[in-house]
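Whatever order the structure lists ligands and atoms in, that order sets their numbers, starting from 1.
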Amino acid sequence: MSDLRELYQEVILDHGKRPRNFRVLEGADGQAEGYNPLCGDRVTVYVKLADGVIDDVSFQGAGCAISTASASMMTSVLKGKTMAEVEDMCGRFQAMITGAGGAADDDGALGSLEALAGVREFPTRVKCASLAWHTFRAALKGDQSDVKTD
Ligand code: ZN
């Protein structure tokens with residue numbers, strides 16, 4: 001089993017302690033709430049669209065370092081992305097944290113998010129890392145129902 005210190009890399013600790021885009025987004029086009037009962041993580045994701053791109057995205061909530069860091073990094077990378085790019089990143093991220101499809105050979109498109117690749121060694125942590133993403137997709141669809149990780 002991988003060392004936990006690897007999982008909690010500096011970048012994760014940094015985002016976990018000082019989350020980016022941690023605020024309510026006024027005038028959001030969509031928002032959704034997510035809950036991970038395994039860990040107790042709660043997150044609300046807000047999204048604003050303009051001309052088919054993510055104009056702004058933010059989140060609020062309380063959870064473990066992994067869930068907070070994942071949400072923080074997600075909001076950082078999604079801003080300014082088109083819907084096609086968003087779909088692509090969601091797929092890549094999910095593949096990376098679950099270890100599906102040889103994601104280890106990723107071309108670097110996920111940037112700092114790759115710090116979260118280590119969660120694949122810890123099945124319960126995969127849900128912490130994916131919570132914000134599931135919730136983001138629900139917010140994008142305007143789905144007001146609560147998101148649960150399973
Ligand atoms: Zn968690």
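Residues I66 and L116 are in side-chain contact: their nearest non-hydrogen atoms beyond the backbone lie under 4.5 Å apart. You'll find the side chain of T75 stays beyond 4.5 Å of the side chain of K79, heavy atoms only. Side chains of D14 and R20 form a contact here, defined as non-hydrogen atoms less than 4.5 Å apart.
To the nearest 0.5 Å, atom CE of residue M89 and atom CG of residue L113 are 5.5 Å apart.
At a cut-off of 2.8 Å, measuring from the Zn ion (ligand 1), the protein N, O or S atoms that fall short of it are C39 SG, D41 OD1, D41 OD2, C64 SG, C128 SG, waters left aside.
For F59 and F22, the gap between ring centers is short of 6.0 Å.
In this structure, T135 contributes its side chain and V45 its backbone to no donor-acceptor pair below 3.5 Å.
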